[in-house]
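Note that ligands are numbered from 1 as they come in the structure, with each ligand's atoms numbered from 1 the same way.
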Amino acid sequence: MNTTFIKDGIYWIGVHDYTTYMFEGCWPIDQEGVNYNAYLIDDEKVILIDTVKEFMAEEYIENIKSIIGDKDVDYLVINHMEPDHSSSIEAVIAEWPDVKIIGNAKTFPMLQNFYRVHKNLIEVSNGETLDLGGRELQFYMTPMVHWPESMVTFDVQTGTLFSMDIFGSYKATVGSIFDDENEVETFLEPTYRYYATIVGKVTEMAKKSLAALTPLVPSIKTICPSHGLVWRTDPGYILNLYIKLANAEVEEGVVIAYGTMYGNTRESAEIIADELRNCGVKTIKFYDVGRTNISYILADIWRYQGLFLGAPSYYGQILPTMENLLYKLEGNKVRNHVCGFFTDFSWSGGANRVFDKFIQATGANCPAEMVNVKGYPTDEDEKKLREMARAVARQLK
Ligand SMILES: [Fe+2]
Ligand SMILES: [Fe+2]
């Protein structure tokens, strides 16, 4: 049992997940874990905002009971149907069968499909306010951030925004859920990683959602996301960071991500890194795509302006580990980046053609031509790699 009083009848009733190996089956939940934040409003009526992942439903239900005792839960607001927040809905209904479920027109078909739930539903639309026992809750649709049914809930009386995945991050909170009791900077990288993996592809929709929420901003006193910290002291910090994320605003720095089979492509990558140092580039993130889950690489690509991608050809294609990164990166795009590409081949190539397609699809800004090395880089190859590194460095802010 583990709950935290936030303010004015609002409690955190979430859980820390250190068990799940891969979030969405793709993105490592490493030793830092992840929070599924859920909330309870204990007023004239008892209102739940979201649930948690099903395997921790027992802890979630105990959290609720530790606050409300024998009282019933009157309402459950479903901000988001992704099962990390919705899969304990059945446990809530089993415990409190008369609970009324608040969602929108896109929530309820999913509720039926996932859990066969179709009773006691209250449908809300964008901007609608419900008076639940004197507590006014407003609902704002945030479609595709990051599912079609996603919405946020605003508690008017306390200025509390229950923002769902928006403003969320990987990394479980330890000891305290609050921004002022944590080292906020330690959540920066997990916030980038969360954004790049979960929201990056729909960043244009995230911009629209933020714009739609702008009129609320002066009234927001506390932000309660579904993952990561509760922002009670400095909600402006996460709001501003999110605006930067949604606009894909990049910082000075370079990511070099390469795949290699026998070290030849790494040699090219190291030449590029060496030349970038010569040009005074301080932040260089150097990743072997075969040794790093792409979520960490995507996070740094979202953050830094420079990008080099290199890989060997592989039976007329590209090394599969690089293809995996390219697939996700094509969705995220490389809007504000300066890019360089390099390949290695032994006979007929292939990686170069895959990179060409990627460049066409994303409109990647490449100030120099791709460098294609046959086997181990020659002196002439080295010259071209260094020229490419300098051309990219010149365009970095
Ligand atoms: Fe989600
Ligand atoms: Fe989530």
Side-chain angles (χ1 to χ4, degrees), residues 12-30 32-39 48-57 59-60 63 76-89 91-92 103-104 106-111 113-115 139-153 161-173 177 187 190-210 213 223-231 238 241-242 245-246 295 298-299 302 328 331-332:
W12 178 85
I13 52 166
V15 296
H16 307 292
D17 180 1
Y18 291 100
T19 306
T20 301
Y21 177 54
M22 289 284 194
F23 191 81
E24 292 190 338
C26 306
W27 321 117
I29 293 181
D30 51 26
E32 293 189 317
V34 69
N35 275 19
Y36 308 124
N37 294 334
Y39 302 94
L48 303 178
I49 316 273
D50 291 317
T51 75
V52 301
K53 203 170 172 186
E54 184 185 20
F55 83 102
M56 301 187 84
E59 185 178 330
Y60 169 75
N63 285 349
L76 166 64
V77 175
I78 305 175
N79 276 335
H80 183 22
M81 274 299 296
E82 189 164 13
D84 53 336
H85 310 295
S86 73
S87 56
S88 295
I89 288 175
V92 171
N104 59 67
K106 291 188 175 148
T107 315
F108 296 140
M110 289 185 179
L111 191 61
N113 296 340
F114 275 106
Y115 311 116
F139 305 93
Y140 296 91
M141 305 303 128
T142 58
M144 292 317 295
V145 189
H146 80 286
W147 278 16
E149 87 309 348
S150 295
M151 67 177 195
V152 300
T153 299
L161 180 67
F162 299 97
S163 65
M164 179 212 38
D165 284 344
I166 301 173
F167 309 123
S169 78
Y170 295 112
K171 184 172 159 70
T173 51
I177 55 168
F187 283 83
T191 303
Y192 267 95
R193 191 163 75 96
Y194 187 84
Y195 196 92
T197 51
I198 308 297
V199 190
K201 186 177 164 60
V202 290
T203 199
E204 292 303 322
M205 298 303 285
K207 266 157 76 174
K208 280 188 192 159
S209 292
L210 286 176
L213 294 176
I223 294 179
C224 295
S226 292
H227 304 282
L229 293 167
V230 169
W231 301 85
I238 192 69
L241 174 61
Y242 231 73
L245 287 166
S295 63
L298 290 165
W302 202 271
K328 187 68 181 162
N332 279 10

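A 6.0 Å sphere centred on NZ of Lys106 holds no more than 12 heavy atoms belonging to other residues, nucleotides or ligands.
In summary, of the residues considered (Phe167, Phe23, Tyr170), a ring pair (Phe, Tyr, Trp, His ring centres under 6.0 Å) with His227 occurs for Phe23 alone.
Its N, O or S atom nearest to the Fe ion (ligand 1) is what matters here, and for His146 that atom is ND1.
Side chains of Thr203 and Tyr195: a donor-acceptor N/O pair is present below 3.5 angstrom, by distance only. Tyr115 and Ser86 share a donor-acceptor pair across their side chains, judged by distance under 3.5 Å alone. If you check the side chains of Tyr194 and Asp165, you find a donor sitting under 3.5 Å from an acceptor.
Without hydrogens or angle criteria, Thr142 side chain to Ser150 main chain gives a donor-acceptor distance under 3.5 Å.
At a cut-off of 2.8 Å, measuring from the Fe ion (ligand 2), the protein N, O or S atoms that fall short of it are Asp84 OD2, His85 NE2, Asp165 OD1, His227 NE2, waters left aside.
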